[in-house]
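Since the structure comes first, as structure tokens, the remarks are kept for the end.
Starting from 1, each residue takes its place in the sequence as its number. Remember, predicted model here, so these are calculated numbers, not experimental data.
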Amino acid sequence: MHDGIWTLRPCPHRQASELAAALGISELTATVLVRRGYGDPASAQRFLDGELPPHHPFLLGDMRAAVERIRAAVAGGERICVHGDYDVDGISATALAVLLLRELGADVGWHLPSRFDEGYGVAGGTLARLASEGCGLVVTVDCGITAVAEVAAARANGLDVIVTDHHRPGDALPDCPIVATRPSAYPFPELCGTGVVYKLGQALFGVDSEIPKRHLDLVALATIADVVPLVDENRSLATAGLRALARTQKPGLQALMKVAGVDPAAVDAGAVGFRLGPRINAAGRLGHPRSALELLLTDDRDAARRLAEELEELNRDRQAVEGRILRDAIAQVEEWSEAKRRRAAYVVAGVDWHEGVIGIVASRLVERFHRPVVLIAGGDASWKGSGRSIPSFDLHAALGACSSLLERWGGHRAAAGLSIDPERVEAFAAAFAAQAASLLGEQDLRPVTPIDAVLPRGARLTLDLCTELARLAPFGLGNPEVTLLAPGCELGELATVGEGKHLRFRVRLDGADAGSAIAFGLGGQLDRYRREGAYDVAFRLQQNRWNGTVAPQLVVRRIFDSHDRVAELRAWLATEYRKAAADRDAVAQQIFDELELEAAAGRRHLLESERFRALLAEPELARAA
């Protein structure tokens, strides 16, 4: 936690002051909003309220044609099958589509593929079977955008298909109505698969209809668990959906929250992402996803309790399997040659690994090694891979560049899957690493901690500030938890807790106590931080409830060695130069921001940098230096 760098984007502080006054919030929170792109009071207020007006559903792909075909199928008594996927988004999208079609009076069934038998996507054999069973229309959810040949074969068998999806399309599109975020004129292309189905519901019933709104609990579940950006319409859906989840009447969701130890009154994005989502995913990872779908659809409380307990057991099994593979993968990387460990991207394979959990383990390896990772699980025939990426690397595009070595592949910029001949794994590993090396520099492979705001001199970390910052929730991709920086701190009263695993200490800033901090997983660094010195502490401010009391607590993300000279100059700028007249204050603030950015770049010898020498040309700053 003491490696890497922190970064800080410039912020027009006068704009932050004006925003704080307009909204009645602290300047620190206003600074966070400005840095995140919400600088004018109207946009900032809409963001805080989390209630952006929805985009019109008929802008989304071939929505009108899809609605007409579904209505015709219902009117004609045709059998409709919803074809989903085996993850949280695919299962939630299937449940939502089935519930909406039932509201229309449709004769509707569903199909979820097995990860192990059919694999990801729409299989031609499945569509052929549905056609032979008399199904007239298949509606895909969270899949199908690349099923060009499969849809063509289905239509030749007399089976119509509507594709609803949010994944990236290939060079060609299926010949059928497509309701998808890409390609589309829709203003916000980052909906998850369940979000796309929700827009279909709005098109079928009306934007203001209460029927789709009844199921916003499912939309929030998928939107958060599928790790799509929680901005724009996704923020609105997640915000309203979390409120719906807190008061849900679905027996399955109630039972799931109970076994997961989630208080419905306090359910948030963290509870969905780390407790509810993994339990639903566990069904498809270790077995068949039908039990998770049945849980979401059931009206029977006894059945809901039984299914929730089944998912709980599967999730415990998943954790055990995941832990073993993670240990094996780390050991394998540590045995590599130095040259191989310096690669810009890793491909790690295991013959006996469980393909259902390799995606989770790939995420853990990205966190540990700070580079794109593809994990591959061996099998009887084709081996299956799952990849995760870092923000600066487009994983989907990289797999496309290596596609001659792959049998199948698809996904997103940040996450993707593939299948590969085992004889080609080593060649793929080399090609994938070369592709990454051509696009990534050393800086891209260092852990970077973006800072939202630097604590000003004399700042007080209060419960009111905790509450104010919490208004930026729900947090997730595109809207991460707020990270503050306490620069040039002293660490005091250091001790380990949690059987020596974690580090607890107090932070002193500018000679004053700034609060109690907890650094998870850093207990082994106790002696290091006991030594005298100054540190930059990046943290999240949260409420700590303990033994009947509530107090603010700094939850540490990383600790950096402080740059003493920068701290001195920052203190001088804050106390002296800001006192200048308004026209000079703007110049002072620009210099102040530049100094912070120089520090963020990790320069230990700032006085030797060209940018710093240019700043020293300012007469007032030169006098202080």
Side-chain angles (χ1 to χ4, degrees), residues 66 69-70 73-74 77-104 106-167 174 176-180 192-194 196-198 200-201 215 218 222 226 252 280-298 307 310-311 356 408 410 417:
R69 182 63 186 89
I70 289 171
V74 174
E78 294 180 70
R79 178 71 170 170
I80 302 175
C81 179
V82 177
H83 186 304
D85 189 25
Y86 42 67
D87 66 356
V88 176
D89 190 19
I91 295 167
S92 300
T94 304
L96 178 59
V98 168
L99 291 169
L100 292 174
L101 290 170
R102 285 177 180 173
E103 294 275 5
L104 283 177
D107 176 11
V108 58
W110 54 265
H111 173 79
L112 292 180
S114 163
R115 181 189 299 263
F116 312 105
D117 297 331
E118 295 171 64
Y120 172 77
V122 179
T126 299
L127 295 182
R129 176 180 61 79
L130 292 172
S132 69
E133 292 173 353
C135 182
L137 175 65
V138 168
V139 178
T140 75
V141 297
D142 193 36
C143 63
I145 195 68
T146 60
V148 177
E150 292 83 355
V151 168
R155 295 192 65 184
N157 284 334
L159 177 63
D160 283 348
V161 178
I162 294 172
V163 167
T164 79
D165 202 353
H166 73 123
H167 294 93
C176 66
I178 297 173
V179 179
C192 69
T194 308
V196 173
V197 176
Y198 183 76
L200 176 61
H215 308 299
L218 296 175
D226 206 48
I280 293 176
N281 262 333
R285 291 192 184 281
L286 298 189
H288 196 282
R290 70 170 64 87
S291 56
L293 178 59
E294 290 170 356
L295 176 76
L296 298 182
L297 290 175
T298 187
L307 289 165
E310 180 181 329
L311 294 187
R408 295 181 66 186

Measure the spacing between OG1 of Thr94 and CG of Asp85 and express it to the nearest 0.5 Å.
8.0 Å
Rounded to the nearest 0.5 Å, how far apart are CZ of Arg129 and CG of Leu159?
11.0 Å
Does a side-chain heavy-atom distance below 4.5 Å link Val196 with Asp165?
no
Closest approach of Ala180 to Ile145 (non-hydrogen atoms, all atoms of both residues)
CB-CD1, 4.0 Å
Restricting to non-hydrogen atoms, name the atom on Cys143 and the atom on Val163 that form the minimum distance, rounded to 0.1 Å.
O-CG1, 3.9 Å
Taking side chain as C-beta onward, heavy atoms only, is Val141 less than 4.5 Å from Leu200?
no
Step by step, would you call Cys176 with Asp160 a side chain to side chain contact (heavy atoms under 4.5 Å, CB included)?
CA-CA 8 Å; Cys176 66; Asp160 283 348; over 6 Å; no
Check whether any side-chain heavy atom of Asn281 sits under 4.5 Å from a side-chain heavy atom of Arg285, and report yes or no.
yes
Is the shortest side-chain heavy-atom distance between Pro113 and His83 below 4.5 Å?
yes
A side-chain contact here means heavy atoms from C-beta on lying under 4.5 Å apart; do Val88 and Asp226 qualify?
no
Side chains of Val98 and Leu297: closer than 4.5 Å at any heavy-atom pair?
yes
For the residue pair Leu96 and Tyr198, what are the closest heavy atoms and their distance?
CD2-N, 3.7 Å
CZ/Arg79: more than 12 non-hydrogen atoms of other groups inside 6.0 Å:
yes
Polar side-chain atom of His111 near backbone of Leu127 as donor-acceptor pair, under 3.5 Å
no
Reported CD1-to-CZ distance for the pair Ile162 and Arg69, which is rounded to 0.5 angstrom
7.0 Å
Can you confirm whether Glu150 sits close enough to Val161 that some side-chain heavy atom of one is under 4.5 Å from a side-chain heavy atom of the other?
no
Closest heavy-atom pair and its distance - Arg115, Gly284
NE-O, 3.2 Å
So how far is it from Arg290 CZ to Leu295 CG, rounded to the nearest 0.5 Å?
14.5 Å
Working for side chain to side chain donor-acceptor pair (under 3.5 Å), residues Glu103 and His215:
CA-CA 12 Å; Glu103 294 275 5; His215 308 299; 4.5 Å; no
Return the CD1 to CG distance between Ile280 and Asp89, rounded to the nearest 0.5 Å.
11.0 Å
Given the options Val197, Val82, Ile70, Leu100 meets side-chain contact (heavy atoms from CB on, under 4.5 Å) only with Val197
So, do Thr194 and Asp142 sit near enough that their side-chain heavy atoms are less than 4.5 Å apart?
no
Could you tell me the separation between the OG atom of Ser291 and the CG atom of Leu311, rounded to the nearest 0.5 Å?
5.0 Å
Restricting to non-hydrogen atoms, name the atom on Ala292 and the atom on Ala283 that form the minimum distance, rounded to 0.1 Å.
CB-CB, 4.0 Å
